[in-house]
Amino acid sequence: MAKKSAKKQKRYDHLTEMARLTRLMKEMYERGQSDLCDVRNSDIHGRGVYASEDIEPETQIIEYVGEYINKEISEERAWEQAAKAEESGEAAVYIFTLDKKWDIDGNVPWNDARLINHSCDPNCEAWIEEDSIFIYAIKPLKKGEEMTFDYGFDIECYEDHPCLCGKDNCVGYIVSQSQWPELTEKLAEKEIKKGA
Ligand SMILES: C[S@@+](CC[C@H](N)C(=O)[O-])C[C@H]1O[C@@H](n2cnc3c(N)ncnc32)[C@H](O)[C@@H]1O
Ligand SMILES: [Zn+2]
């Protein structure tokens with residue numbers, strides 16, 4: 001009798017834990033979606049995220065959800081991504097800096113915001129609020145317009161990241177706007193060397 005009830009208890013505990021995990025997964029999934037945007041194929045690259053209605057500047061559109069990782073794990077994953085990029089010529093970067101100790105790896109399928117492409121004339125920005133990252137509009141967005149932000153990539157390996165945003169002011173590479181003056185100099189030097 002005692003044996004049977006222990007078995008029943010084990011099953012009850014297992015199902016309770018499964019229910020808790022399912023609720024958590026549902027919550028995570030819902031946090032990674034938004035009624036204000038949807039995902040479809042992009043002219044910039046692969047899939048992108050589009051405004052599903054007109055959106056005012058400073059509107060919080062979607063959360064950038066994912067796995068909280070410390071800097072050690074983050075660095076390991078960055079190396080893995082670099083190796084992958086060398087092999088295939090392509091590797092998407094999904095890791096966002098949260099603070100000095102923590103990053104968020106957004107490479108989880110329910111994180112729609114991971115599909116937002118970069119633009120040299122972005123209409124969105126990622127803002128950190130406490131322990132979360134949210135994507136906000138920084139310009140008025142028209143229904144159906146692709147959402148973009150400045151990836152803020154460092155200039156170091158700029159040639160590995162050509163930009164296809166198609167904007168009039170496109171600098172040709174995915175490089176943080178703060179480093180554009182340096183990039184302009186590098187590109188000018190390259191042109192001079194080519195001509196010599
Ligand atoms: C986080 S993913 C963005 C989603 C991507 N479109 C997809 O379908 O997976 C980042 C990758 O998308 C590509 N990408 C994003 N913005 C781009 C741009 N402006 N020009 C060219 N490629 C871009 C790059 O390969 C980059 O590493
Ligand atoms: Zn561009």
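Atoms within each ligand, like the ligands themselves, are counted from 1 in listed order. Source: prediction; values computed, not measured.
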Under 3.5 Å: N/O of Ile174 near N/O of ligand 1: no
Gln177, CD: over 12 other non-hydrogen atoms inside 6.0 angstrom: yes
Distance-minimising heavy-atom pair for Ile104 and Val65: CG2-C, 4.1 Å
Subset of ligand 1 atoms that lie under 4.0 Å from at least one heavy atom of Cys163: 19 (N), 20 (N)
Pairwise side-chain contact, Tyr94 with Asn111, heavy-atom cut-off 4.5 Å (strictly under): no
Residue Asp35 excluded, over 12 heavy atoms near CG under 6.0 Å: no
Atoms in ligand 1 flagged as close to Gly46, the criterion being non-hydrogen separation under 4.0 Å: 8 (O)
Selection from Tyr173, Tyr151, Tyr94 by shortest heavy-atom distance to atom 10 (C) of ligand 1: Tyr151
Aromatic ring pairing Phe149/Tyr151, orientation class (parallel under 30°, perpendicular over 60°, tilted between): tilted
Proximity flag Gly48 to ligand 1, non-hydrogen atoms under 4.0 Å: no
Ligand 1 N/O within reach of Ser119 N/O, cut-off under 3.5 Å: no
Proximity flag Gly106 to ligand 1, non-hydrogen atoms under 4.0 Å: no
Within-4.5 Å side-chain heavy-atom neighbours: Glu67 and Arg77: yes
Mode of Pro162 contact toward ligand 1 - side chain, backbone, both, neither (heavy atoms, under 4.0 Å): backbone
Backbone or side-chain N or O of Arg114 under 3.5 Å from ligand 1 N or O: no
With the Zn ion (ligand 2) as the apex, the SG/SG angle for Cys165 and Cys120 - to 10°: 110°
Metal check, the Zn ion (ligand 2) vs Cys170 N/O/S, cut-off below 2.8 Å: yes
Contact atoms of ligand 1, heavy-atom distance to Ile44 under 4.0 Å: 17 (C), 18 (C), 19 (N), 20 (N)
Residue Asp43 excluded, over 12 heavy atoms near CG under 6.0 Å: no
Spatial distance of atom OH (Tyr158) from atom CG (Leu187) [nearest 0.5 Å]: 5.0 Å
